[in-house]
**Student:** 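Structure incoming, see below.
Start at 1 and go down the list; that is how both ligands and their atoms are numbered.
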Amino acid sequence: MFNQAPKGTRDILPSEVYKWQYLESIFSTLCAKFGYKEIRIPVFEHTELFQRGVGDSTDIVQKEMYTFNDKAGRSITLRPEGTAGVVRSYIENGMASMAQPIKLYYNISAYRYENVQKGRYREFHQFGVEAFGSAGPEIDVEIISLLSMFFERLGLANTGLNINSIGCPRCRDAYHEKLKVFLRPHLDELCENCQNRFERNPLRILDCKEESCQKIVAGAPLLPENLCGECGAHLEGVMSGLDNLGIVYRVDPQIVRGLDYYTKTVFEFVSENPGSQGTICGGGRYDGLVEVCGGAPTPGIGFALGVERLLMELDSQGILIEEPPVMDIYIATLGHKASDFAQRLVYELRKCNVGAETDLLDRSLKAQMKYADKKGFLYTIVLGDDEIESGKGVLRDMRSGEKKDVSLDSIIDRLKKSLLVAPEPCRTCPSDPTQQK
Ligand code: HAM
C-alpha cells in the first residue's frame with residue numbers, strides 16, 4: 001500500500017493541472033479587483049485553535065481532525081479549514097491596528113477524516129476569503145457578490161444562492177429553547193446523531209440529511225422569524241443589498257452550517273443540477289470568533305469554496321477549460337553536429353521566453369516528430385548536417401502544415417515574430433519583437 005496515495009487523497013496530474021491554474025488565476029484576479037490580498041497560512045496549527053475556533057461540538061472537531069503530537073509533545077492538527085488559521089494570523093500579526101476592513105483571500109489544501117465519496121475527500125482544496133472589521137451588511141453583500149461574479153466569469157449556471165441568518169448568541173439561545181420544546185416530543189424518532197445534537201447544538205438538527213429528521217423539522221419554528229431586532233435588520237440589509245445588485249437568492253431558513261463560529265448571515269451556493277455534489281461553497285459571518293481566539297471583539301465574515309466540487313460542477317455543465325498551448329518549437333535533429341547546434345539554439349530561445357525543446361533520447365527522426373506532434377508544439381524545424389552547413393532550415397507550422405525557409409541565424413527573431421502566443425518581454429534580447437509593432 002505504501003506505493004498508493006492514501007485513501008481520500010489524489011494527485012493533480014500534469015494533464016489536469018492547467019484547469020486548477022486557470023481557476024486560481026480567475027479567482028485571484030477577481031479578489032484583487034475587490035481589494036482582497038492573498039494570505040498564506042501554515043498547513044498545521046495548535047490543535048486548540050480548531051477546538052476553540054471551529055468549535056468542540058462540530059463533527060469536524062469531534063471526528064474528523066488529523067491530530068498528532070509532534071516530537072516535543074505538542075498537539076498539532078492539520079488544518080481542516082482556513083478561517084481559524086486566518087483569524088489566528090489576524091490577531092498575531094496585529095492586523096487590528098491596520099486600516100480596516102482587512103480583506104484577505106487564500107488558496108489552501110485542507111484535511112478532514114471523512115467518509116470518502118464523490119466530492120468528499122480527506123485532502124481537498126479551498127479558495128476562500130475572510131474580511132475583518134466591518135459589522136454592517138454591506139460587506140456581506142460584497143463577499144457574496146464576489147462569489148457570484150466568480151461563477152459568472154466561469155460561465156456557471158444553476159448555482160443557487162441560499163441565505164439565512166442564524167442570529168446572535170442572544171436570539172439564538174432563545175430560539176434553541178423554542179426549538180427544543182418543539183423537538184422534545186419527537187426525540188425518540190430523531191436519528192442517533194441528532195439525539196446527541198439535541199442538548200449540544202439543536203440548530204444542527206435543522207440541516208440533518210436523514211429523511212426521518214427532515215420530516216420532523218419541517219414543522220419547526222423558523223429562525224428568521226425568531227431573530228432579535230438587530231439581527232433581523234441585518235438580514236434585511238443583506239437582502240436589499242443583494243436586490244440592489246440584481247443578485248438572485250433564496251432565503252432558506254434551514255441553512256445552519258456545520259461550524260460553530262457563525263453569527264447572523266450564513267449562505268451557501270448549491271448546485272441545482274441533478275446528480276451534482278450539492279454545496280460548492282459555504283460561508284457566513286463570525287462576529288465572535290476573533291474574541292474566542294484571543295483577540296479584541298472584531299466582526300468578521302468569509303466563505304470557502306471547494307475546488308474539487310467546482311471542477312465537478314464545471315464538468316457536469318459541460319464547461320470546458322481549454323488547455324493552453326505550452327510549447328512553441330521543437331527542434332528535431334539528425335547527427336551530433338545538429339544536436340550540439342540545437343542545444344545552443346534551444347538555450348537561446350528559452351532565454352527569450354520561447355518554449356523550446358530538442359531531443360534528449362537519441363531518437364530517430366520519425367520518433368522525434370511523433371513526440372512533437374503528441375506534445376502539441378506550434379512549430380518544428382528539422383536540423384541535419386546540410387542545414388548546419390547552409391545555415392538554413394524549414395520551419396513548419398504544425399497546425400496549418402505551412403512551411404517557411406528560415407535562416408538559422410535569424411531564427412530567434414523570425415520565430416518570435418511568427419508565434420501566435422506572444423512571448424514574455426525579454427530584457428536581455430536587443431531586438432525584442434514584443435516591443436515592435
Ligand atoms: P465548509 O462548509 O466546511 O466551510 O467548507 C466549504 C466548502 O469546502 C464546502 O462547501 C465544500 O465545497 C468544500 N469541502 C468541505 N469538505 C470537503 C471534503 N471533505 N471534500 C471536498 N470538499 C469539501 C468552511 O470550511 C468554512 N471555513 C467557510 C468559511 C470561511 N466561513 C467563513 N469563512
**Student:** Within the 3.5 Å criterion, strictly below it, is a donor on D243 or Y249 matched to an acceptor on the partner's side chain?
**Tutor:** yes
**Student:** Under 4.0 Å from a heavy atom of G282: which atoms of ligand 1 are those, numbered in the order shown and with their elements?
**Tutor:**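 So the answer, numbered in order with elements, is 10 (O), 28 (C), 29 (C).
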**Student:** Would Y106 and F127 count as a close aromatic pair, with their ring centres under 6.0 Å?
**Tutor:** no
**Student:** How about T265 and P137: do any of their side-chain heavy atoms sit closer than 4.5 Å?
**Tutor:** no
**Student:** Mind telling me whether F132 and Y90 have parallel, tilted or perpendicular rings, with 30° and 60° as the class edges?
**Tutor:** parallel
**Student:** What's the shortest distance from atom 20 (N) of ligand 1 to any protein heavy atom, and which residue and atom give it?
**Tutor:**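 Scanning the protein heavy atoms, the shortest distance from atom 20 (N) of ligand 1 goes to Y121 N, 2.9 Å.
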**Student:** In the protein, what heavy atom is nearest to atom 14 (N) of ligand 1, and what distance, to one decimal place, separates them?
**Tutor:** F124 CE1, 3.6 Å
**Student:** Within ligand 1, which atoms have a heavy atom of E114 less than 4.0 Å away?
**Tutor:**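 With E114 as reference, the close atoms of ligand 1 come out as 16 (N), 18 (C), 19 (N).
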**Student:** Mind checking whether H186 and F182 have parallel, tilted or perpendicular rings, split at 30° and 60°?
**Tutor:**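 Judged by the thresholds at 30° and 60°, the geometry between H186 and F182 is tilted.
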**Student:** Does the side chain of S28 pick up a donor-acceptor pair with the side chain of N107 at under 3.5 Å?
**Tutor:**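 No.
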**Student:** Could R79 and Y111 be counted as a cation-pi pair, given that NZ or CZ must be under 6.0 Å from the ring centre and within 45° of the axis?
**Tutor:**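 Verdict for Y111: no cation-pi partner in R79.
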**Student:** Ligand 1 versus R122, non-hydrogen atoms closer than 4.0 Å: side chain, backbone, both, neither?
**Tutor:** neither
**Student:** Are the side chains of Q126 and V307 in touch, meaning some heavy atoms are under 4.5 Å apart?
**Tutor:** no
**Student:** Could you check which of F303, Y262, F127, Y261 puts a non-hydrogen atom nearest to atom 31 (N) of ligand 1?
**Tutor:** Y262
**Student:** Could you say whether the N/O atoms of G82 and ligand 1 ever approach to under 3.5 Å?
**Tutor:**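 In this structure, G82 places no N or O atom under 3.5 Å from an N or O of ligand 1.
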**Student:** Looking just at side-chain N and O atoms, do Y36 and E142 make a donor-acceptor pair shorter than 3.5 Å?
**Tutor:** yes
**Student:** What protein heavy atom is closest to atom 33 (N) of ligand 1, reported as residue, atom name and distance in Å?
**Tutor:**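 Scanning the protein heavy atoms, the shortest distance from atom 33 (N) of ligand 1 goes to E130 OE1, 2.9 Å.
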**Student:** For the residue pair N164 and F267, establish whether any side-chain heavy-atom pair is separated by less than 4.5 Å.
**Tutor:** no
**Student:** Would you say the ring centroid of Y286 lies under 6.0 angstrom from that of Y262?
**Tutor:** no
**Student:** Closest non-hydrogen protein atom to atom 27 (N) of ligand 1, residue and atom name please, with distance?
**Tutor:**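 Going atom by atom, the protein heavy atom closest to atom 27 (N) of ligand 1 ends up being E81 OE1, 2.6 Å.
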**Student:** Are the side chains of M312 and K118 in touch, meaning some heavy atoms are under 4.5 Å apart?
**Tutor:**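 Yes, side chains in contact.
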**Student:** Considering only heavy atoms, which of C281, G283, G128 lies nearest to atom 10 (O) of ligand 1?
**Tutor:**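 Answer by nearest heavy atom: C281.
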**Student:** With a 4.0 Å cut-off on heavy atoms, is R309 touching ligand 1?
**Tutor:** yes
**Student:** Flag the pair Y379 / Y330 as yes when their ring centroid distance falls below 6.0 Å, and as no otherwise.
**Tutor:**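 That pair fails the under 6.0 Å test.
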**Student:** May I ask whether G119 places a heavy atom under 4.0 Å from ligand 1?
**Tutor:**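 Right, G119 reaches ligand 1.
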**Student:** For atom 7 (C) of ligand 1, find the nearest protein heavy atom and state the residue, atom name and distance (0.1 Å precision).
**Tutor:**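 Sorting protein heavy atoms by distance from atom 7 (C) of ligand 1 puts A304 O, 3.6 Å first.
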**Student:** Got the closest protein heavy atom to atom 5 (O) of ligand 1, with its distance?
**Tutor:**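 The closest one turns out to be Q126 NE2, 3.3 Å.
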**Student:** Answer yes or no: does an N/O atom from Y106 fall short of 3.5 Å to an N/O atom of ligand 1?
**Tutor:** no
**Student:** Answer yes or no for F269: is there a heavy-atom contact with ligand 1 below 4.0 Å?
**Tutor:** no
**Student:** Tell me whether E308 has any N or O atom under 3.5 angstrom from an N or O of ligand 1.
**Tutor:**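 No, E308 has no N/O under 3.5 Å of an N/O on ligand 1.
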**Student:** Among all the protein's non-hydrogen atoms, which is closest to atom 13 (C) of ligand 1, and how far away is it?
**Tutor:** G306 CA, 3.6 Å
**Student:** Heavy atoms only, cut-off 4.0 Å: how does Y113 contact ligand 1, side chain, backbone, both, or neither?
**Tutor:** neither
**Student:** Using a 4.0 Å heavy-atom threshold (strictly under), name the region of I280 that reaches ligand 1: side chain, backbone, both or neither.
**Tutor:** backbone
**Student:** Mind checking whether R257 has a heavy atom under 4.0 Å from ligand 1?
**Tutor:**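 Yes.
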**Student:** For ligand 1, which atoms sit closer than 4.0 Å to a heavy atom of L259?
**Tutor:** 3 (O), 4 (O)
**Student:** So which heavy atom in the protein is nearest atom 30 (C) of ligand 1, and how far is it from that ligand atom?
**Tutor:**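 Sorting protein heavy atoms by distance from atom 30 (C) of ligand 1 puts T83 OG1, 3.0 Å first.
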**Student:** Counting only heavy atoms, which portion of Y286 has something under 4.0 Å from ligand 1: side chain, backbone, both, or neither?
**Tutor:**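 Only the side chain of Y286 comes within reach of ligand 1.
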**Student:** Between R120 and ligand 1, does any nitrogen or oxygen pair lie at a separation below 3.5 Å?
**Tutor:**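 No, since none of the N or O atoms of R120 sits under 3.5 Å from an N or O of ligand 1.
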**Student:** When you compare the side chain of K375 with that of M327, does any pair of heavy atoms fall below 4.5 Å?
**Tutor:**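 Not touching, per the 4.5 Å side-chain cut-off.
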**Student:** Go through the side-chain N and O atoms of Y261 and T83 and say whether any donor and acceptor fall under 3.5 Å apart.
**Tutor:**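 Checked: Y261/T83 side chains pair up, N/O donor to acceptor below 3.5 Å.
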